[in-house]
There are 2 protein chains.
Amino acid sequence: MELKRAAEGEKGFEKVFAFLRERLLAGSLKPGDRLISERELATLLGVSRPIVREALRALTVLGIVEIRDRIGTVVTRPDVSVLNDFFTFALAQQADMLDDVMQARVAIECQAIRLACERANIADFERLQRTLAKIGETIDEADAGGMADFEFHRSIVTASHSETLTVLHGSMAGLLTHSHRSRRELVQAFPSMKTYLIDDHRRIFDAIIARDPERADATLRKHFAIGDEYRRRAVVGDIDKTSASG
Amino acid sequence: MELKRAAEGEKGFEKVFAFLRERLLAGSLKPGDRLISERELATLLGVSRPIVREALRALTVLGIVEIRDRIGTVVTRPDVSVLNDFFTFALAQQADMLDDVMQARVAIECQAIRLACERANIADFERLQRTLAKIGETIDEADAGGMADFEFHRSIVTASHSETLTVLHGSMAGLLTHSHRSRRELVQAFPSMKTYLIDDHRRIFDAIIARDPERADATLRKHFAIGDEYRRRAVVGDIDKTSASG
DNA sequence: GGTCTGATCTTGGTCAGACCAGTAGGCTAA
DNA sequence: TTAGCCTACTGGTCTGACCAAGATCAGACC
């Protein structure tokens, strides 16, 4: 059984997984390809079908393949949701990681905005403008306002035309949406925030339009810093806000 | 069966996975906890053991739990290797993603260096100094030089004391090590690179020591930009370097 | 009484075979 | 030729079983 050669040492799951990984990484299995059936794979590798399913399921959660009921298993283009899942779980267990994730988000977004300055096209500009307008319209609503805020920032990342940045940002987005929302709740407490929210986003938008990476980055960073400042002040003045920061 | 309540809609794998996800996210299952046995889980959820194993295996590849032979399944602290796996697979199938990943790496590292300026302690400084020295010592060796380069950059991220940034950077590191290495191979072609490599890293180091985030960030960015420039020039002069970029 | 040892229970690891439900494609009948 | 049926195949799942080895506790020994 020369086919087993490369996977002889491992047993069971590892064997199947290694077998498939090899083909995947070597490129002999490309997106769109359909794998041989579970039964064939099982007999081919000398394992039982449940084991094969474990391996296929593993690849599924990694977003590498897709198991289609009664059709077969096909190789897919790497899917983002993996990162989403991972971050969701990771964050859930280490709530203190949230500040950390925020840092990563800032990292991604600041890089994205630089790229956006270079790569943004008309459609991107239009989307940015739309979402910017939305921020102004929803300035007094917590939910819609938070959503608008989020959409604007997402538009920035989209405009970077970088899949990886988009993926990473997206996977952290879910965790941070409530952060946008809670920030918006502060508007009631700090009237000056209205100006901050509208003007800051406007400045960010302008910098992108001007295709000025340095200014865009700096403005965005300042925007985050000010947001932090407001939040800190809020914590001082309104303790029960802290419970939502986890 | 009120226990099934939340997972009634799904079936099989989804049911088990959802059941566990719920507990994991809600925090009723914390790192270190041991799950109930596969058999119990199976009867509890009304599915067969192979299905339970699929779900557990899925969580395993996500780095959420660890299945210990003849011991049980325990919840672990989220593991980085997932991201590694993902990026490895993703890159294998979409080589064009490499530039993109590089962008993300720049993003992470530039944010990290800013944090490093604020948070780095003596130990961090020492590590940076050590790795910086190593770069000078190994300037003429491709392998060791690439490694030293990599270590220095990793030290920067470590000095940020941000778990998330470290994790993200680490998961992209494997893919980019060869990038460091191949960059070092250019040293032969471009003698001026020696100065670039040594002086640039030195400047970066100085900026961190000076705890000047802006300067550090700018210097690091410039460093990457120059590296890109060298690589671009190399591609023009030496085509077979491109084949190794996948 | 305390400790050591071994039988037993439990756990994961795996297999074999079976049934269901649709899907796809070949074959047949109109 | 074409519409429709029929079978082979696919994934989805279950059942029940066996193995090897860690965990546990009872009983024997010191």
Side-chain angles (χ1 to χ4, degrees), chain A residues 1 3-4 6-21 23-24 29 31-76 79 81, chain B residues 1 3-4 6-21 23-24 29-76 79:
Chain A
M1 293 286 200
L3 276 170
K4 285 206 238 171
E8 229 155 37
E10 299 97 349
K11 58 167 96 80
F13 170 82
E14 286 297 337
K15 177 153 56 176
V16 184
F17 193 77
F19 175 85
L20 292 173
R21 166 167 47 203
R23 322 270 142 160
L24 258 348
L29 278 178
D33 290 356
R34 202 168 109 247
L35 275 66
I36 58 179
S37 74
E38 299 177 352
R39 282 170 244 260
E40 283 181 86
L41 210 44
T43 63
L44 177 67
L45 295 175
V47 299
S48 64
R49 198 143 83 93
I51 302 300
V52 172
R53 301 210 91 237
E54 279 183 38
L56 293 179
R57 191 67 80 172
L59 289 171
T60 300
V61 301
L62 282 177
I64 313 295
V65 305
E66 184 182 341
I67 305 180
R68 293 188 189 152
D69 196 356
R70 274 155 257 139
I71 304 287
T73 306
V74 301
V75 183
T76 66
D79 187 9
S81 61
Chain B
M1 296 282 201
L3 278 169
K4 287 205 241 172
E8 231 155 36
E10 299 95 350
K11 58 166 92 81
F13 170 82
E14 286 298 336
K15 176 153 56 176
V16 184
F17 193 76
F19 175 84
L20 291 174
R21 166 167 45 203
R23 321 273 141 158
L24 257 350
L29 279 177
K30 295 176 297 297
D33 290 357
R34 201 168 110 249
L35 273 65
I36 58 179
S37 75
E38 298 178 352
R39 282 170 245 260
E40 284 180 85
L41 211 44
T43 63
L44 178 67
L45 295 175
V47 299
S48 65
R49 197 143 82 92
I51 301 301
V52 171
R53 300 210 91 237
E54 278 184 39
L56 293 180
R57 191 66 81 173
L59 289 172
T60 299
V61 302
L62 282 177
I64 313 295
V65 304
E66 184 182 340
I67 305 180
R68 292 188 191 153
D69 196 356
R70 275 154 254 136
I71 304 289
T73 306
V74 300
V75 183
T76 66
D79 187 9

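The figures here come from the full heavy-atom set of this structure, side chains too, leaving out hydrogens, waters and symmetry mates. Reminder, nothing fancy here: chain letters follow the sequence lines and each chain counts from 1.
Residues B:Leu20 and B:Val65 are not in side-chain contact: their nearest non-hydrogen atoms beyond the backbone lie 4.5 Å or more apart. Side-chain atoms of B:Phe13 and B:Val47, non-hydrogen and from C-beta on, never get closer than 4.5 Å to each other.
Annotation: side chain to side chain contact (heavy atoms under 4.5 Å, CB included) contacts of B:Arg39 (sequence neighbours excluded): B:Ser37, B:Arg49. Residues forming a side chain to side chain contact (heavy atoms under 4.5 Å, CB included) with B:Asp33 (at least two apart in sequence, or on another chain): B:Leu29, B:Lys30, B:Val75.
Taking atom CG of A:Leu45 as the reference point, atom P of C:dC15 lies 11 Å away to the nearest angstrom. Whole-Å rounding puts the B:Glu54 CD to C:dG12 P distance at 16 Å. The interatomic distance linking B:Arg34 (CZ) with C:dG12 (C1') rounds to 11 Å, in whole Å. The CG atom of A:Leu35 sits 9 Å away from the P atom of D:dG11 (whole-angstrom rounding). Between the CD atom of B:Glu38 and the P atom of C:dC9 there is a distance of 20 Å, rounded to whole Å.
For the pair B:Pro50 and A:Pro50, the tightest heavy-atom approach, listed with the atom from each and the gap, is CB-CB, 4.2 Å.
Under the Watson-Crick or G-U wobble criterion, with both distances below 3.5 Å, D:dC30 is paired with C:dG1.
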Short heteroatom pairs, N/O only, protein and nucleotides 18-25 of chain C, under 3.5 Å:
{"from": "C:dG22", "atom 1": "O4'", "to": "A:Arg70", "atom 2": "NH1", "distance (Å)": "3.3"}

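Which of D:dT10, C:dC15, C:dT11 sits closest to the side chain of A:Glu40 comes down to D:dT10. When distances run from any side-chain atom of B:Ile51 to the nucleotides D:dT13, D:dT10, C:dG12, the shortest one goes to D:dT13. Distances were taken from every side-chain heavy atom of B:Ser37 (C-beta onward) to each of C:dG12, D:dG11, D:dC14; the shortest belongs to C:dG12.
Sorted by first and then second residue, the salt bridge (charged side-chain N to carboxylate O under 4.0 Å, His left out) pairs involving residues 57-66 of chain B (not counting sequence neighbours) are A:Glu54-B:Arg57, B:Glu66-B:Arg68.
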Criterion side-chain contact (heavy atoms from CB on, under 4.5 Å) on A:Ile51 and A:Val16, from CA distance to verdict | CA-CA 8 Å; A:Ile51 302 300; A:Val16 184; 4.2 Å; yes

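Contact check, A:Ser48 against C:dT14: no side-chain N or O comes under 4.0 Å of OP1 or OP2.
Nucleotides of DNA chain C nearest to B:Leu56 and A:Val47 differ in position, and the one nearer the 5' end is that of B:Leu56.
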